[in-house]
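Here is the structure we will look at, set down as C-alpha cells.
Just so it is clear, the values below take in all heavy atoms, side chains as well, and ignore hydrogens, waters and symmetry mates. Residue numbering restarts at 1 for every chain, and letters A, B, ... go by the order of the sequence lines.
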Number of protein chains: 2
Amino acid sequence: MNFSKTSKYALRILSHMAKDETAQYSAQQLHEDINIPVRYLRRLLTDLSKSGFIKSTHGRNGGFTFSRSASQIFLSEIVDSVDGFESINGCILGYDSCAFDYKCPMHVIWQETKQKVINTLKNTSLHDLRKNDLVFD
Amino acid sequence: MNFSKTSKYALRILSHMAKDETAQYSAQQLHEDINIPVRYLRRLLTDLSKSGFIKSTHGRNGGFTFSRSASQIFLSEIVDSVDGFESINGCILGYDSCAFDYKCPMHVIWQETKQKVINTLKNTSLHDLRKNDLVFD
DNA sequence: ATAAAATGCTACTTAATTTTAGTATTTCTT
DNA sequence: AAGAAATACTAAAATTAAGTAGCATTTTAT
C-alpha cells in the first residue's frame, strides 16, 4: 500500500483539471491553482502526456488538455502509470512470493481491504471526483 | 496511503515473532527467518523496544520477546509508531487542509475506503495474523 | 578471567525520490 | 523579424529513506 508523493501530485493535477474538463491549463496556471513546485509540475505534466491522459500544445498559447474524456480516466490508471499497479496490489508486507504463493501472514486478512481500495480506484473516474468537489479552491 | 518499507519490515518482524509468542528471538535469528538486512533489522528492533511492543534482554543469551500479549498489539499501532498515523489517515491527495476543511475532491469518495483500511488495521492483532499464517516459511 | 554472543548508540554511506537549473524548441503576437 | 510565453529534454542538486560500520556494553559459557 504505497502512494508516492508523485502519485498524489498526479491525482491532484488531473482532478483539478477535471473541474473544467475541456479547458486548457498551462503549467504556470496549475502551479498557482494547486501547490506543486512549478518545475517538477512541468515534468509531471510531460509524463502525464506521454501516458496519454492529457495532450500538450506547444508555443505561446500552449498548455494541456485532456486527451480523452475525464469520465474515462480512472484513478487506478493514474496511480498505475506513476507508481505501478504493484504499489497497490502488492503484498502488504513486501514479500515477493506472497502474490502467487499466498504465503504471507496478512494475505487473507488484507485481501478484502485491498480489494476495496482497488475497486474504489478502479471505479472512480476523474469525472466522478468532480461531483464531490464541493468547496475546494 | 503510504506504508514505508520500514513499516512493512516492522510488521514482518512482529508478525513473525507472533508465531511463537512467548519465544525469544535474536536479531540474527530473525534475519535468517525473514529477509531483512541484519544491521537495519537490529535498529528496528531497538526502535520497536522503545515503542513498547517488545523488550530486549542483553548479553549472550539475550534477544527480544513481546512486552505485552500479541493479542493486544494491533497493526495500526505498529504502522503508527513507525510512519505515524497520518500516513494512513491523511489526505489521499496530500492536502494539509483536507482533514478539517473537507476540501479535497477525493475526500468524500475516499472516506469509506480509508475507514475500511483503518478498521482492518485497528481490529487486527498480531495474534489474529497467526491464525492466517498457513504456509509461510 | 576471558571469549563469545547478544543489544545499544552514533555516525557514516548509499540509494531513491523530489526539486531545481539550463538550454532548446515551438508558436503566437505585434 | 523579434520577443514573449509556452512545452521538452537532460543534467544536477537537495532531501529523505534505507542500509552499513565501528565501538561500547551486557551477560553467559567455558
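Side-chain nitrogen and oxygen atoms of A:Asn61 include at least one within less than 4.0 Å of the OP1 or OP2 phosphate oxygen of C:dT29. Residue B:Lys50 places none of its side-chain N or O atoms closer than 4.0 Å to OP1 or OP2 of C:dT7. Applying the 4.0 Å criterion to OP1 and OP2 of D:dG19, one finds that B:Lys5 has a side-chain N or O inside that range. OP1 or OP2 of D:dT7 has not a single side-chain nitrogen or oxygen of A:Thr46 nearer than 4.0 Å. Residue A:Tyr9 has a polar side-chain atom (N or O) positioned under 4.0 Å from OP1 or OP2 of C:dT19. Residue B:Lys8 places none of its side-chain N or O atoms closer than 4.0 Å to OP1 or OP2 of D:dA17. In terms of phosphate contacts, A:Ser56 brings no side-chain nitrogen or oxygen within less than 4.0 Å of OP1 or OP2 of D:dA6. Residue A:Thr57 places none of its side-chain N or O atoms closer than 4.0 Å to OP1 or OP2 of D:dT7.
Between atom NZ of residue B:Lys116 and atom OG1 of residue B:Thr113 there is a gap of 10.0 Å, rounded to the nearest 0.5 Å.
The side chain of B:Tyr40 approaches D:dT20 more closely than any other nucleotide in the set D:dT20, D:dA8, D:dT7. For A:Pro37, whose side chain is taken as the heavy atoms from C-beta onward, the closest listed nucleotide among C:dG8, D:dC9, C:dT20 is C:dT20. Here the side chain of B:Arg43 is nearest to one of C:dT27, D:dC9, C:dT10, namely C:dT10. Checking D:dA29, D:dT26, D:dT7 against the side-chain heavy atoms of B:Arg60 singles out D:dA29 as nearest.
If you check every strand for non-hydrogen atoms under 4.0 Å, B:Thr6 touches sugar and phosphate atoms only.
Side-chain contact check for B:Asn2 and B:Ser87: no donor-acceptor pair (N or O, by modelled atom type) lies under 3.5 Å. Under the 3.5 Å distance criterion, with hydrogens and angles disregarded, no donor-acceptor pair is assigned to the side chains of B:Thr65 and B:Tyr25.
Between the CD atom of B:Gln24 and the P atom of D:dT26 there is a distance of 18 Å, rounded to whole Å. Between the P atom of C:dT7 and the CG atom of B:Leu48 lies a distance of 13 Å, rounded to the nearest Å. Nucleotide D:dA8 holds its C1' atom 13 Å from the CD1 atom of A:Ile54, rounded to whole Å. Nucleotide D:dG19 holds its P atom 11 Å from the CD1 atom of B:Ile13, rounded to whole Å. The distance between atom CG of B:Leu45 and atom P of D:dG19, rounded to the nearest whole Å, is 14 Å. Whole-Å rounding puts the B:Leu44 CG to D:dA18 P distance at 9 Å. Across the protein-nucleic acid pair, B:Gln28 atom CD and C:dA5 atom P stand 10 Å apart, rounded to whole Å. Distance, A:Phe3 CZ to C:dT18 P: 14 Å, rounded to whole Å.
Contact annotation: side chain of A:Arg39 to base of C:dA21, donor-acceptor pair present below 3.5 Å.
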Self-check item: Residue pair B:Glu77, B:Arg68: steps toward the salt bridge (charged side-chain N to carboxylate O under 4.0 Å, His left out) verdict
Solution: CA-CA 13 Å; B:Glu77 298 179 75; B:Arg68 41 182 166 128; 3.0 Å; yes
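When each of B:Asp83 and B:Arg42 is assigned the nucleotide of DNA chain D bearing its nearest heavy atom, the one mapping closer to the 5' terminus is B:Asp83. When each of A:Leu41 and B:Gly59 is assigned the nucleotide of DNA chain C with its nearest heavy atom, B:Gly59 is the one assigned upstream, toward the 5' end.
Between A:Trp110 and B:Phe3, the ring planes lie tilted relative to each other; the angle falls in the 30° to 60° range.
Checking side-chain atoms of A:Arg12 against main-chain N and O of B:Leu93 turns up a donor-acceptor pair under 3.5 Å.
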